[in-house]
Amino acid sequence: MEKFGKSQSVTRVEDQRFLTGQGRYVDDIAPEDALHAFFVRSTVAHGQITALDVADARAMPGVHLVVTADDLIAAGVKIGLGGFTITNRDGTKGAAPERPLLARDRVRHVGEPVVMIVADSILAARDAADVVELEIDDLPVHVDLVVGGDVIHPEAPENLAFDWEMGDEPGAKAAISAAAHVVTTDVFDNRVIVNAMEPRGCYAEVEDGRLHVAFNGQGVWGKKADLARHFGLKPEDVRVTNPDVGGGFGMKAMRYHEPFCAAHATLVLGRPVRWMSERTEAMLTDNAGRDLTTRATLAFDADHRITAYHIDTIANMGAYNSQFGQGVQTDLFSKVLMGTYDVQTAYMRTRGIFTNTTPVDAYRGAGRPEAMFILERMMDEAARQLGVDPWQLREKNFIVPAQFPYTTVSGVTYDVGDFAMVLASAAEKADRDGFAARKAGSAAAGKLRGQGLCYYIESILGDPSETTTVEFVDEGAVIYVGTQSNGQGHETVYAQFLSDQTGIPADQISVVQGDSDRIATGGGTGGSRSVTVQNTATLATVDVIVDAFSAFLADAEDVDAVSVSFDDEQFRIAGSNLTPTMLEVADMARAAGRDDLLRQSARITLDNRSFPNGAHVTEVEIDPDTGVVTVDRYTVVDDFGNLINPMLAEGQVHGGVAQGIGQALTEHTVFDENGQLLTASFMDYGMPRADDIPMIGFSTECTPSLYNPMGMKGCGEAGTVGALAALSNAVIDALWDVGVRHVDMPFTPHRVWQAIQAAKDDSAAA
């Protein structure tokens, strides 16, 4: 195998089992004798529980347990799911109302769990659910994205979850007042339902007196600590595992009710208990993404350089604080507030509100797609109002290479970048010069063509610390990792990287993840952290192995340790023709009774995060008679630093772009005035299909990161971070010639057609 610097596109080894039905997903591996859990959920968005009688349900055939909030409290279970709170502008903490495992006294969104039924079969549990007597008196429902309305939580007057700020408000206002040009626009970022291929699920069992919970999440250690806390158990009495996971995207990283309730049932009954969400159930209960509206202002001097940026956002939290919800549109958003532009005067205010809808939390990119969408929409809007080229406006305001390391107005220090180089490459790869001819061709066919650009930057987030353990076994080596694959190809890339560094054949390396018994600690998956942080830990572990094996060889050959070296393939001993591979040294150590050498670990902490960036260029064609938007061309040029496996990086970008196209063109979550979800199935919720996604051109320009020894930059969320603004800008560009000046995502045929008709009516009236 070639060395790391060769960046080989190795195909994913795990796909063999996934594509042949050999995946081990949570619903596949639950114990055969497990009982089935079913949840009775609220059918109203806001109401007072006036009666709850489960006696008849408990008497139904096949029912083993029926659980209410009162039962959990009586058993001593900690009932509240905690959520992160931020610090308000006035120094107080954001509102922290209780989010109970099962509703008590009041329900606050459709789908909130009220009762859990555990039975021999899912059909028996459903039958028992039908005889639960649940009466709820309706209360006023608040679903609008505004501060105020009927109060949902007494802890949050005016339904205000938080009121947060960052930056220099007086300075920004003064700069705007003195500016030669000011551009202000309202930008709406629509709510989406995550819809991972595999819905959420779990099972719980008692193993040798210990609680074991398996669930399809994004890491096991947070859940292990949560379970111990909720049930008053010692951490060593809890085991948590993640099997194969069919998509996460942030949504599966959070605390949810069902694993805790299943754990309670198994502790009470001493029997395994399983639960698997159905699709509509998932749509009603999984944390949603995005859902915010912003008034944004950019100020420019006479030379069109940005002098200030001011944004005021209202973000929907849903009915409760989800685990990270308050941090997404505040701290995470602010990390890239000014993007790639050299601006030191900015102010950001965000108010989070509670509504009688499903909670909102991190979704692929978690704050960074939202930030880039607003900023890059503003750059295009500004270019139009200023009468300048949007590409040139961006380049004029870029942070230039000589300014790095560059500390942003958010206090984040970018290590390196060459944004103009990447933009120039994108112009070439997208054939920008040929756009006018393509636009003319579309016009001749009666279609509207537009081109959109987004230049994004992303701040890699998540736990900066990680541990890698390598164990030598008879078959080769096992690498234990603290991240959790949700389909990204970790089994391939981790084995590939370890093989690169050690010479161990990749097919003799197995990857172990997602087991709190086998791996002492880990940060899980989120924020595009996995490959960068985990492989840095692997690099450190290889150093530990080399040192330990070198000392062993020196002792065995009776030479000084400095006489032993390793060149990524073989050990070499000065004055000797002995050149054992790493696996051969492991065999020697085993034969010598030195089993202590066969398992080595290292834990690292990155001092800083990496900052992937790049340009998305898309072209859309619109049929003005139907409003149908077709994404005709899509080009991405990214700076991901050094790549380990370009094929997997490209796959991540493709997936992220597809999710961005979904939000921009087809996906939209709709609640009616009563808080009922009108898009609760794939008949009503517009998931993108294959014919919505074009061929995506992908290439990279490299400025290696200075913040990790391999110069890598995370790539898992970058596709989505850049897609929303690129698509929106392309649609507006296409519609501009027919008089449309503003339209919000999603650009469905009906919405686009209406915008065209309204523009025609306005033109006729004028």
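Throughout, numbering of the chain's residues begins at 1 and tracks the sequence. Not measured: the values here are computed from a predicted model.
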May I ask you to test the L145-I353 pair for a side-chain heavy-atom distance under 4.5 Å?
yes
Ionic contact status for R191 with E667, cut-off 4.0 Å:
no
Polar side-chain atom of R305 near backbone of V343 as donor-acceptor pair, under 3.5 Å
no
Between the main-chain N or O of G526 and the side-chain N or O of S530, is there a donor-acceptor pair closer than 3.5 Å?
no
Is a side-chain N or O of T313 found less than 3.5 angstrom from the main chain of T294, in a donor-acceptor match?
no
If the condition is ring-ring contact (aromatic ring centres under 6.0 Å, His included), which residues does F162 pass it with, not counting sequence neighbours?
none
Distance from H742 atom NE2 to W736 atom CH2, nearest 0.5 Å?
11.0 Å
Is D361 reaching over with its side chain to a backbone N or O of F324, donor-acceptor style, under 3.5 angstrom?
yes
NZ/NE/NH1/NH2 to OD/OE distance under 4.0 Å, D226 and R229
yes
First locate atom OG1 of T184, then atom NE2 of H310, and finally report the distance between them rounded to the nearest 0.5 Å.
9.5 Å
Side-chain contact, heavy-atom cut-off 4.5 Å: R751 with P746?
yes
Residues R394, E376: salt bridge by 4.0 Å N-O rule
yes
Residues, nucleotides or ligands: over 12 heavy atoms within 6.0 Å of K78 NZ
no
Check the pair F300 / Y341 against ring-ring contact (aromatic ring centres under 6.0 Å, His included), numbers first and verdict last.
CA-CA 12 Å; F300 294 85; Y341 306 119; 9.5 Å; no
Judged by atom type as modelled, is there a donor-acceptor pair below 3.5 Å linking the side chain of D639 to the main-chain atoms of M421?
no
Applying side-chain contact (heavy atoms from CB on, under 4.5 Å), can you list everything that pairs with H257, at least two apart in sequence or on another chain?
L81, R99, P113
Counting C-beta onward and ignoring hydrogens, is there a side-chain heavy-atom pair between T92 and T87 closer than 4.5 Å?
no
Residues D286 and K252 bridged, charged N to O under 4.0 Å
no
Between Q48 and D138, is there a donor-acceptor pair closer than 3.5 Å when you use the side chain of the first and the backbone of the second?
no
Residues D186 and R295 bridged, charged N to O under 4.0 Å:
yes
Flag side-chain contact, heavy atom, 4.5 Å: F398 against D342:
no
Taking N316 for its side chain and G318 for its backbone only, find out whether a donor-acceptor pair lies under 3.5 Å.
yes
Between R108 and E112, does at least one N-O distance fall below 4.0 Å, as a salt bridge requires?
no
Mark yes or no for whether E370, through its side chain, and F333, through its backbone, hold a donor-acceptor pair below 3.5 Å.
no
Any salt bridge linking R384 with D389? Criterion: basic side-chain nitrogen under 4.0 Å from a carboxylate oxygen.
no
Side chain to side chain donor-acceptor pair (under 3.5 Å) partner of H616, chosen from Y456, Y634, Y455
Y634
Check: D90 main-chain N/O paired with N88 side-chain donor or acceptor under 3.5 Å
no
Audit row: T413, D415, side chain to side chain contact (heavy atoms under 4.5 Å, CB included) steps and yes/no:
CA-CA 6 Å; T413 301; D415 54 341; over 6 Å; no
Looking at R368 and E458, is there a salt bridge between them, counting it only when a charged N and a carboxylate O are closer than 4.0 Å?
yes
Between D163 and R349, is there a side-chain N and carboxylate O pair less than 4.0 Å apart?
yes
Pair R364, E717 - check salt bridge (charged side-chain N to carboxylate O under 4.0 Å, His left out), show working.
CA-CA 6 Å; R364 199 165 190 169; E717 295 162 306; over 6 Å; no
Can you say whether the rings of F188 and H668 are parallel (under 30°), tilted (30 to 60°) or perpendicular (over 60°)?
perpendicular
I'd like to know if the side chain of K93 reaches the main chain of T85, judged simply by a donor and an acceptor atom lying under 3.5 Å from each other, with no hydrogens or angles considered.
yes
Kindly determine whether K713 and T703 satisfy side chain to side chain donor-acceptor pair (under 3.5 Å), including the steps that lead there.
CA-CA 10 Å; K713 302 176 183 179; T703 59; 3.0 Å; yes
